[in-house]
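Below: one structure, written as structure tokens.
Throughout, protein chains are lettered first and strands after them, A, B, ... in sequence-line order, and every chain is numbered starting at 1. These values consider heavy atoms only, across backbone and side chains, with no hydrogens, waters or symmetry-generated copies.
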Amino acid sequence: MKAALLIARRELGSYLRTMSGYIIAAAVLLVDGILWNAFALGAQQDKHSAEVLSDFFYFSSGTTMIAAVFLSMRLVAEERQTGTLVLLTSSPVRDREIILGKFFSAFAFLAMVTLATAFMPALIMVNGKLSIGQVAAGYLGLLLLGSAALAIGTLGSALARSQVLAAIISGSMLVGLIVVWLLAAVSERPLNDVFLALALWGRHFPPFQAGVINLRDVAYYLLVTYFALFAATRVMEARRWQ
Amino acid sequence: MIEVRELTKYFGGRAAIRELNFDIRPGEAVGFVGLNGAGKTTALKILGCVLLPSSGQVRVDGVEVTAEPHEVRRKIGFLPDVPPLYDEMTVGAYLAFAARLRGVTGRDTPVRVQESEDKLALRDMHDEIIGTLSYGYRQRVGVAQALVHRPRLLILDEPTAGLDPVQIVEMRNLIRRLRGEHTVLISSHFLAEISQTCDRLLVIQAGEIVAQGTEEELAAALGTAGEIEVALRGPAATALDVARQVPGVLDAQIAHSAAHEVVLKIRAREDCRPEIARALVLAGHQLLRLDRGASRLESIFIELAQRERLS
């Protein structure tokens with residue numbers, strides 16, 4: 001675990017020392033800001049504060065997932081491309097520590113960027129009432145969704161030989177997991193229940209938007225994170241045979 | 001220090017290395033010589049615990065690589081063919097990170113970083129960003145990261161590739177200094193480099209070790225021990241006759257003939273330079289230069305490559 005934290009600290013430093021981290025942070029804040037003005041505040045009819053907040057978390061979930069793909073695509077694939085991965089793989093560090101360290105750093109950065117959007121919900125207080133519970137639930141949902149998306153991205157990055165390929169693989173896996181609920185509409189029980197339960201967004205995120213925290217949804221995102229990181233570790237281990 | 005038995009590595013259906021067997025004693029400097037694609041890097045990556053073998057055994061300091069890779073990695077410093085450098089870090093921060101990864105404690109890290117910077121003459125570069133360094137300095141930082149945790153075994157894959165002549169001499173001196181303190185395994189395309197820095201050579205060809213030993217042992221085994229080049233002033237034909245009459249000389253040819261200098265290439269059973277020198281001087285020739293063939297290791301290598309091709 002010490003090695004994982006060491007790797008995470010170096011990676012986090014790398015986000016802050018290079019342009020890529022600032023570009024991703026700026027892009028997320030810009031897109032969230034535009035969507036906030038266009039949809040949450042700029043609607044024709046009057047809205048309740050809770051609806052404005054729900055809209056905010058709705059579009060923020062999209063930008064969080066996209067940011068997660070961009071943040072995670074470099075984690076392993078870039079190091080493999082530049083040859084720096086050998087420093088880690090030739091050191092007495094377990095593959096799971098490498099994966100965890102990289103995931104922790106990306107998650108910490110994503111969390112910082114996500115929490116930096118907090119001024120938008122805070123603006124609701126100018127003309128409305130803000131439910132702290134809904135804000136807390138919404139941000140918890142964003143962080144859990146971001147964690148799952150980052151873990152899937154880490155798996156994509158471990159599988160790919162280049163960053164572009166990593167982004168394509170991760171994006172495909174994410175889109176696949178998001179649209180899996182469509183299969184529920186064309187299948188019968190109990191299969192449609194399985195598809196609904198597997199869907200990354202459709203069933204599990206909307207409750208957070210509304211300020212509801214279900215243990216089922218929290219467990220789902222944590223399990224997706226765990227399995228994706230477990231698979232990424234296995235990929236790293238398998239690479240030592242290739 | 002290293003025992004390799006029947007080491008084989010397949011990539012798909014192709015064997016990159018096949019049944020390698022060799023030993024390396026503690027404190028020894030051994031050179032891995034081979035053409036591109038011969039399997040040098042694959043073998044070094046397995047010894048560096050980056051890759052796992054398909055079959056066979058590798059023991060480093062008595063520890064089996066596949067059974068306890070963690071333990072082996074603590075004993076190893078590995079410089080791959082491309083130095084694994086994070087361009088955005090400073091030299092000092094990078095070396096400290098490498099040291100901590102290899103299990104050096106936080107308290108000992110500054111001392112170890114300073115020690116490796118001193119060995120590689122990097123002290124002035126401590127606060128420099130790696131991305132701004134020249135190629136030679138980057139290579140030095142690569143070697144420094146391999147040394148920073150005081151490993152018992154140092155594996156250097158092409159440490160002099162891309163360096164200028166001055167940097168090559170510096171790197172060669174450094175490797176000489178490291179001998180004894182560490183067991184050193186080097187691969188290089190620069191055959192002269194290997195011959196000047198290593199105690200012993202392992203020649204790898206198409207994934208197999210085709211010869212091993214000191215340069216003298218390899219030359220004797222291949223019959224290239226007595227390749228001699230002579231530059232002299234005087235009539236070429238007479239010089240050729242004199243050289244051919246020296247006991248032990250198998251053949252002599254005129255390699256180059258001009259008014260001011262004649263160059264003879266002589267093949268002998270053994271190194272008989274003193275006898276040749278004496279005979280030519282007694283015959284009235286002015287001796288300008290007398291040496292072994294331009295690169296003995298080169299001729300050993302070419303000979304081995306040709307034998308491999310024929311077989």
For B:Arg176, does the CZ atom have more than 12 heavy-atom neighbours from other residues, nucleotides or ligands under 6.0 Å away? yes
Which bit of B:Leu85 is near chain A, if near means a heavy-atom gap under 4.5 Å: side chain, backbone, both or neither? backbone
Within 6.0 Å of CZ in A:Phe195, more than 12 heavy atoms from elsewhere: yes
Pairing donors with acceptors under 3.5 angstrom, does anything connect the side chains of B:Arg102 and A:Ser91? yes
With a sphere of 6.0 Å drawn around OH of B:Tyr135, does it hold more than 12 non-hydrogen atoms of other residues, nucleotides or ligands? yes
A:Arg17 CZ: over 12 foreign heavy atoms closer than 6.0 Å: yes
Pick whichever of B:Gln145, B:Lys45, B:Met89 has the most heavy-atom pairs under 4.5 Å with chain A. B:Met89
When heavy-atom pairs shorter than 4.5 Å are enumerated against chain B, which of A:Arg9, A:Glu79, A:Arg239 gives the highest number? A:Glu79
How close do A:Gly83 and B:Pro84 get, counting heavy atoms only, and between which atoms? O-CB, 3.6 Å
Counting neighbours of CZ on A:Phe109 that are heavy atoms of other residues, nucleotides or ligands and sit closer than 6.0 Å, is the number greater than 12? yes
Around atom OH of A:Tyr58, are there more than 12 heavy atoms of other residues, nucleotides or ligands at under 6.0 Å? no
Could you tell me whether a side-chain N or O of A:Arg240 sits under 3.5 Å from a main-chain N or O of B:Cys49, the two making a donor and an acceptor? yes
Please identify, among A:Ile7, A:Leu85, A:Thr82, the residue contributing the most non-hydrogen atom pairs under 4.5 Å to chain B. A:Ile7
List the atom of B:Leu101, the atom of A:Leu6, and the distance in Å for their closest heavy-atom pair. N-CD2, 3.6 Å
So, A:Lys2 side chain and B:Arg100 main chain: donor-acceptor pair closer than 3.5 Å or not? no
Can you name the closest pair of heavy atoms from B:Phe97 and A:Leu87 and give their distance? CE2-CD2, 3.9 Å
Just how far is it from atom CD of B:Glu88 to atom CE of A:Met19, taken to the nearest 0.5 Å? 14.0 Å
Rounded to the nearest 0.5 Å, what's the gap from CH2 on A:Trp241 to NZ on B:Lys9? Could you check? 7.0 Å
Please report the interatomic distance CG(B:Leu47) to OG(A:Ser90), rounded to the nearest 0.5 Å. 12.5 Å
B:Pro69 versus chain A, the contacting section by heavy-atom distance below 4.5 Å: neither
Is it true that, when you exclude B:Phe11 itself, more than 12 heavy atoms of the residues, nucleotides or ligands shown sit nearer than 6.0 Å to its CZ? yes
